[in-house]
Amino acid sequence: MASLTVKGTRDLLRAVSYRGVYTNGVFSFPQTQQLRGNTARRSEKRYFSNSRTVNSADLDITNNEKPKVLVTGCLGQLGMALIKKMREKYGVENVIGSDIKVPTDEVLSDGPFVPLNVLDKEAIENEIVRNKVDVVVHLSAILSALGEKKPDIALRVNVSGFQNVLELARKYNLKLFCPSTMGAFGPSTPRVNTPDLTVMRPTTIYGITKVHMELMGEYYNEKYGLDFRSLRYPGIISADSAPGGGTTDYAVDIFHSALKSNSFVSFLNKDTSLPMMYLDDCIDGTMQFIEAPNKSLKQRVYNIHALTFSPQELAEGIQEQWSKDFKIHYNPDYRQAIADTWPISLDDSIARRDWKFDPKINTVASLVKIMFEKLQAQRIASLDEPHRVYGSQ
Ligand SMILES: NC(=O)C1=CN([C@@H]2O[C@H](COP(=O)(O)OP(=O)(O)OC[C@H]3O[C@@H](n4cnc5c(N)ncnc54)[C@H](O)[C@@H]3O)[C@@H](O)[C@H]2O)C=CC1
Ligand SMILES: CC(=O)[C@H](N)C(=O)O
């Protein structure tokens, strides 16, 4: 391996073309520099001859020392928290973050990062082979609101990007986790206490791509024995990372707005009740699920749920704990039509039974309390900070 000390974004971009791994200020890359075409195929052989035999179905993460994990879309709302938690548990060097976005210097100094566009299958394959990856956590996606604005990109990233990862997980017999969403349900689904198995006819491009993802994962599990796992998340509320283009984003934005101006304009109507979850519960549940022994799982896709509230109920919680003068106004936009097709609550009793899912933040009061504690401690930067990308998609 050769190495290059990376001092700033220019160096990083130069290093990107070498497809190396960045860690602790040094970008390491193979002498051959470009593992494309035939070289990738040779690497595939090396993967099997030099490394331990990996069989995703037998990979017991709980007892297995340290799995090698590749996380796509790691710079998003969930990825930032998930790689932190995984690195604490599996070791910094064993969790490789990747994204199409350019990371901050702080992210780069936290652990290995490789720039990856999930539409570039060869590049993903090279990283899997070179890093001897055991588990892929595929978070790259275009969420519901952005998806309705850019359906062509949502289709490419959520369908073609997922297909690339799925096919590589099959080829190298990896464990694959990819989140689904309550947005995989649609207007003809029973909306209260929506069960795991029910009508799934979503009317957003995001929902359609997620149903595709779930069914393809189940198909690969059935046909090839791939250890595919997925959770249908509700809206995720976080203090330390910003959401990226979803319909539930209001429930994060409202806290920042309360701190800044003691008021908020909601893009959803006051009585639009949706399932939600605090980020830490989502991350803990996800780790628990990824680590659960195969024999405990009765299905590959599970609902998870923590609490339901409407914008009005959340605003009342903020008035009670933050400021009785907090003002909320309602100015619903195109996202209202998306929210109107989604469930009000999810039945996650099977997740609780099979792998003991047990979220801790279950009330608006406890959510509001923890959000303000965190936000005040962290003085989180603006939600609107623009991100640069490495290429087009
Ligand atoms: N945050 C939430 O409330 C929920 C999230 N989910 C799912 O969880 C997963 C992660 O979601 P978030 O972190 O919230 O999303 P996000 O939008 O915050 O992050 C997605 C990441 O994917 C990256 N990305 C986009 N196009 C890419 C490409 N071509 N190649 C590589 N990376 C690309 C983005 O740069 C971004 O960092 C997604 O699959 C999403 O559908 C599901 C339900 C709720
Ligand atoms: C529920 C989700 O999948 C996401 N937060 C979105 O609003 O798109």
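Residues: numbered from 1 along the sequence shown. When a ligand or atom number is given, it counts from 1 through the structure's own listing order.
- For Asn117, the heavy-atom gap to ligand 1 drops under 4.0 angstrom.
- Glu122 and Asn126 form no side-chain donor-acceptor contact under 3.5 Å, judged by distance and modelled atom types alone.
- Glu313 places no side-chain N or O within 3.5 Å of a backbone atom of Val364 that could act as its donor or acceptor partner.
- Residue contact check: Asp99 has heavy atoms under 4.0 Å from atoms 21 (C), 23 (C), 32 (N), 34 (C), 35 (O), 36 (C), 37 (O) of ligand 1.
- Within 6.0 Å of NZ on Lys149 lie no more than 12 heavy atoms contributed by other residues, nucleotides or ligands.
- Heavy-atom proximity to Gly76, at under 4.0 Å, picks out these atoms of ligand 1: 13 (O), 16 (P), 18 (O), 19 (O), 37 (O).
- The Lys210 neighbourhood of ligand 1 comprises atoms 38 (C), 39 (O), 40 (C), 41 (O), with distances under 4.0 Å to a heavy atom of that residue.
- Residues Ser144 and Thr247 have side chains that bring a donor and an acceptor to within less than 3.5 angstrom of each other.
- The closest approach between a heavy atom of Arg156 and any atom of ligand 1 is not below 4.0 Å.
- Below 3.5 Å of separation, one finds no N or O of Ser180 facing any N or O of ligand 1.
- Around the CD atom of Glu106, the shell of radius 6.0 Å holds no more than 12 heavy atoms that belong to other residues, nucleotides or ligands.
- Of the N or O atoms in Tyr233, none lie within a sub-3.5 Å distance of an N or O in ligand 1.
- Put simply, the side chain of Asn94 never gets that close to the backbone of Pro67: no donor and acceptor are under 3.5 Å apart.
- For ligand 1, the atoms lying closer than 4.0 Å to a non-hydrogen atom of Leu116 are 30 (N), 31 (C).
- Residue His138 has no nitrogen or oxygen atom sitting less than 3.5 Å from a nitrogen or oxygen atom of ligand 1, judged on distance alone.
- Under 4.0 angstrom from ligand 1, the non-hydrogen atoms of Leu78 come from both its backbone and its side chain.
- Distance alone, capped at 3.5 Å, places no donor-acceptor pair between the Thr209 side chain and the Leu155 backbone.
- Close approach of ligand 1 to Gly235 (heavy-atom distance below 4.0 Å) involves ligand atoms 3 (O).
- Under the 30°/60° scheme for interplanar angles, the aromatic rings of Tyr206 and Trp342 are found to be tilted.
- Close contacts between ligand 1 and Pro179 involve ligand atoms 7 (C), 8 (O), 9 (C), 39 (O) [criterion: under 4.0 Å to a heavy atom].
- The shortest N/O to N/O separation between Thr181 and ligand 1 does not fall below 3.5 Å.
- Taking the six-membered ring for Trp and thresholds of 30 and 60 degrees, Phe357 and Trp355 have ring planes inclined between 30 and 60 degrees apart.
- Although no hydrogens or angles enter the test, the distance criterion places a donor-acceptor pair under 3.5 Å between the side chain of Arg229 and the main chain of Ala292.
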Contact table ligand 2 N or O to protein N or O, d under 3.5 Å:
from: ligand 2; atom 1: 3 (O); to: Thr181; atom 2: OG1; distance (Å): 2.7
from: ligand 2; atom 1: 3 (O); to: Tyr206; atom 2: OH; distance (Å): 2.7
from: ligand 2; atom 1: 5 (N); to: Thr248; atom 2: OG1; distance (Å): 2.8
from: ligand 2; atom 1: 7 (O); to: Ser144; atom 2: OG; distance (Å): 3.4
from: ligand 2; atom 1: 7 (O); to: Thr247; atom 2: N; distance (Å): 2.6
from: ligand 2; atom 1: 7 (O); to: Thr248; atom 2: N; distance (Å): 3.1
from: ligand 2; atom 1: 7 (O); to: Thr248; atom 2: OG1; distance (Å): 3.4
from: ligand 2; atom 1: 8 (O); to: Ser144; atom 2: N; distance (Å): 3.1
from: ligand 2; atom 1: 8 (O); to: Ser144; atom 2: OG; distance (Å): 2.5

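- Side chain to side chain, Asn294 and Asp227 meet the donor-acceptor criterion of an N or O pair below 3.5 Å.
- At least one donor-acceptor pair under 3.5 Å links the side chain of Lys175 to the backbone N or O of Ile290.
- The closest heavy-atom contact to atom 44 (C) of ligand 1, among the options Ala123, Gly161, Pro234, Gly246, comes from Pro234.
- Counting only non-hydrogen atoms, the option in Val118, Ile304, Val137 that gets closest to atom 30 (N) of ligand 1 is Val118.
- Contacts between Thr72 and ligand 1, counted as non-hydrogen atom pairs separated by less than 4.0 Å, are absent for every part of the residue.
- Listed for the Asn158 side chain is a donor-acceptor partner under 3.5 Å among the backbone atoms of Ile142.
- Listed by number with element, the atoms of ligand 1 under 4.0 Å from a non-hydrogen atom of Leu143 are 14 (O), 15 (O), 17 (O), 40 (C).
- The distance criterion of under 3.5 Å between nitrogen or oxygen atoms is not met by Val157 with respect to ligand 1.
- Rounding to the nearest 0.5 Å gives a distance of 12.5 Å between OG1 of Thr72 and CD of Glu127.
- Within a 6.0 Å radius of NZ in Lys84, no more than 12 heavy atoms belonging to other residues, nucleotides or ligands are found.
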